[in-house]
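See structure below.
FYI, the numbering just counts along the sequence from 1.
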Amino acid sequence: MNITKEMGIMDVVQKYPDTVDVFMNAGMGCLGCAAARFENIEQGAGAHGIDIDSLIDELNKVAASHDLR
């Protein structure tokens with residue numbers, strides 16, 4: 001499964017728990033806040049000034065390694 005910028009933050013974290021580190025390292029430390037439950041990745045990245053393309057690339061690397069297990 002490819003992670004896209006339109007996907008919900010918490011949907012991705014629930015399916016791929018290892019992505020928490022990617023979000024945190026990118027500067028999205030608010031995964032527990034209410035907004036994370038309703039925002040998609042693009043909205044969250046934009047609110048924190050994060051390069052969305054780089055974030056999606058890193059998230060997909062983690063997801064791919066998870067799917068190989």
Side-chain angles (χ1 to χ4, degrees):
M1 169 185 183
N2 275 348
I3 295 173
T4 66
K5 62 185 178 181
E6 293 84 12
M7 296 175 83
I9 295 169
M10 295 311 295
D11 294 335
V12 171
V13 169
Q14 287 176 347
K15 180 157 180 73
Y16 301 107
D18 293 343
T19 60
V20 168
D21 289 338
V22 176
F23 283 114
M24 299 293 271
N25 290 335
M28 292 178 65
C30 63
L31 293 178
C33 76
R37 301 198 186 295
F38 303 104
E39 288 182 335
N40 64 31
I41 297 170
E42 183 175 35
Q43 292 166 325
H48 292 281
I50 297 166
D51 178 350
I52 186 65
D53 294 324
S54 295
L55 179 60
I56 294 296
D57 286 345
E58 290 302 313
L59 291 169
N60 276 308
K61 287 178 189 173
V62 171
S65 68
H66 180 272
D67 288 340
L68 293 175
R69 294 185 205 162

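For the atom pair NZ of Lys15 and CD1 of Ile3, the computed distance is 9.5 Å after rounding to the nearest 0.5 Å. Residue Ile56 holds its CD1 atom at 8.0 Å from CD of Glu6, rounded to the nearest 0.5 Å. Atom CG in Leu59 sits 11.0 Å away from atom CG in Asn2 (nearest 0.5 Å). For the atom pair Glu42 CD and Ile52 CD1, the distance stands at 6.0 Å (nearest 0.5 Å).
In terms of heavy atoms, Met7 sits closest to Val12 at CB-CG2, 4.0 Å.
Side-chain contact between Leu55 and Met28: present, with at least one pair of heavy atoms (C-beta onward) separated by less than 4.5 Å.
A continuous path of hydrophobic side-chain contacts links Val62 to Met24 [ILVMFWY only; heavy atoms under 4.5 Å]. Under a hydrophobic-cluster definition in which Ile, Leu, Val, Met, Phe, Trp and Tyr are linked whenever side-chain heavy atoms come within less than 4.5 Å, directly or via other members, Ile50 and Met10 are assigned to the same cluster.
Using a distance-only test at 3.5 Å, with no hydrogens or angles considered, a donor-acceptor pair links the side chain of Thr19 to the main chain of Tyr16.
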